[in-house]
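Quick notes on the structure that follows.
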Amino acid sequence: MEHQDSRGFATSPDAGRRRFLVRAFAPVAAAVVLFAAPAAAQAAFTAGDSAALSASTYSIPAPASVNAGIVCAANAKQATVTVAGYSAVARATNYQFTLTAPDGSSSTTATTMPTVALTQSSKTAGNRVYTLSVQALVGAWVGSPFTQSFTC
């Protein structure tokens, strides 16, 4: 049997019970939706593809060979080394040449030219051994040295 409430709406004896149940469980249903929605959204952002990453190192080798000669001053306190050629190093952007005198003093130059001349003086003749070092450069990185000694 239907009844009318004070506003004129038709009601049944079960209508009040339904309203009570809806009011009682509405906060619980809202809480379930609030907690479930972020989990579903997170699942959408955590799935993805992965790509293979490969990394390696490069050890800059020394030039395999250097064609150089020396001219010594009479007192062996000065020497000029002339490089007429050298083997190329893969990826090298420049080459650094260093001539070291018997007293430890040295002169250095960097170039990409196939020939270079270095002159170095020594305060003492010492052991009269001058050492040429050639290193490949890759950007700012310096490779292993190729060394050659010359006796005046």
Side-chain angles (χ1 to χ4, degrees), residues 9 14-152:
F9 292 110
D14 291 333
R17 190 175 318 141
R18 276 182 272 175
R19 273 190 296 240
F20 171 77
L21 289 174
V22 168
R23 287 183 185 157
F25 290 108
V28 173
V32 168
V33 168
L34 288 175
F35 285 112
Q42 182 180 7
F45 290 109
T46 56
D49 291 334
S50 62
L53 175 66
S54 97
S56 63
T57 60
Y58 176 62
S59 242
I60 306 169
S65 64
V66 174
N67 179 12
I70 190 166
V71 175
C72 301
N75 61 5
K77 289 187 178 181
Q78 184 175 6
T80 299
V81 170
T82 302
V83 176
Y86 49 90
S87 59
V89 173
R91 300 182 187 163
T93 56
N94 218 349
Y95 293 87
Q96 179 173 292
F97 299 86
T98 303
L99 180 59
T100 304
D103 67 356
S105 60
S106 64
S107 59
T108 301
T109 189
T111 186
T112 57
M113 300 301 292
T115 61
V116 64
L118 293 160
T119 300
Q120 183 60 43
S121 297
S122 179
K123 293 181 184 189
T124 61
N127 62 9
R128 300 169 44 127
V129 176
Y130 286 80
T131 305
L132 172 67
S133 172
V134 181
Q135 294 172 287
L137 305 175
V138 177
W141 292 292
V142 180
S144 301
F146 174 95
T147 56
Q148 188 173 355
S149 297
F150 300 93
T151 302
C152 287

Under 3.5 Å, is there a donor-acceptor pair between the side chain of Ser87 and the main chain of Ser65?
-> yes
Shortest non-hydrogen separation from Ser121 to Asp103 and the atoms involved | O-OD1, 4.4 Å
Between Gln96 (side chain) and Ala110 (backbone), is there a donor-acceptor pair under 3.5 Å?
-> no
Heavy-atom pair with the smallest gap, counting every atom of Leu132 and Ala68 | CD2-CB, 3.9 Å
Looking at the rings of Tyr86 and Phe97, which for Trp means the six-membered one, are their centres under 6.0 Å apart?
-> yes
Hey, what do you get for CG (Asn75) to CZ (Arg128), rounding to the nearest 0.5 Å?
-> 9.0 Å
Considering only heavy atoms from C-beta outward, does the side chain of Pro102 approach that of Tyr130 to under 4.5 Å?
-> yes
Provide the closest heavy-atom pair for Leu118 versus Ser107 in the form atom of the first, atom of the second, distance.
-> CD2-OG, 4.1 Å
Main-chain N/O of Pro61 paired to Ser144 side chain as donor or acceptor, under 3.5 Å | no
Any idea which heavy atoms bring Ala117 and Thr82 closest together, and the distance?
-> CB-OG1, 4.0 Å
Do any N or O atoms from the side chain of Thr80 and from the backbone of Val71 form a donor-acceptor pair under 3.5 angstrom?
-> no
Starting at OG1 of Thr93, measure out to CD1 of Ile60 and round the result to the nearest 0.5 Å.
-> 8.0 Å
For the pair Cys152 and Ile70, evaluate side chain to side chain contact (heavy atoms under 4.5 Å, CB included) and give the outcome as yes or no after the intermediate values.
-> CA-CA 8 Å; Cys152 287; Ile70 190 166; 3.9 Å; yes
Classify the side-chain pair Ser105/Gln120 by whether it contains a donor and acceptor separated by less than 3.5 Å.
-> yes
In terms of heavy-atom contacts, Arg91 and Val138 come closest through O-CG2, 3.4 Å
Provide the closest heavy-atom pair for Val134 versus Pro63 in the form atom of the first, atom of the second, distance.
-> O-CD, 3.6 Å
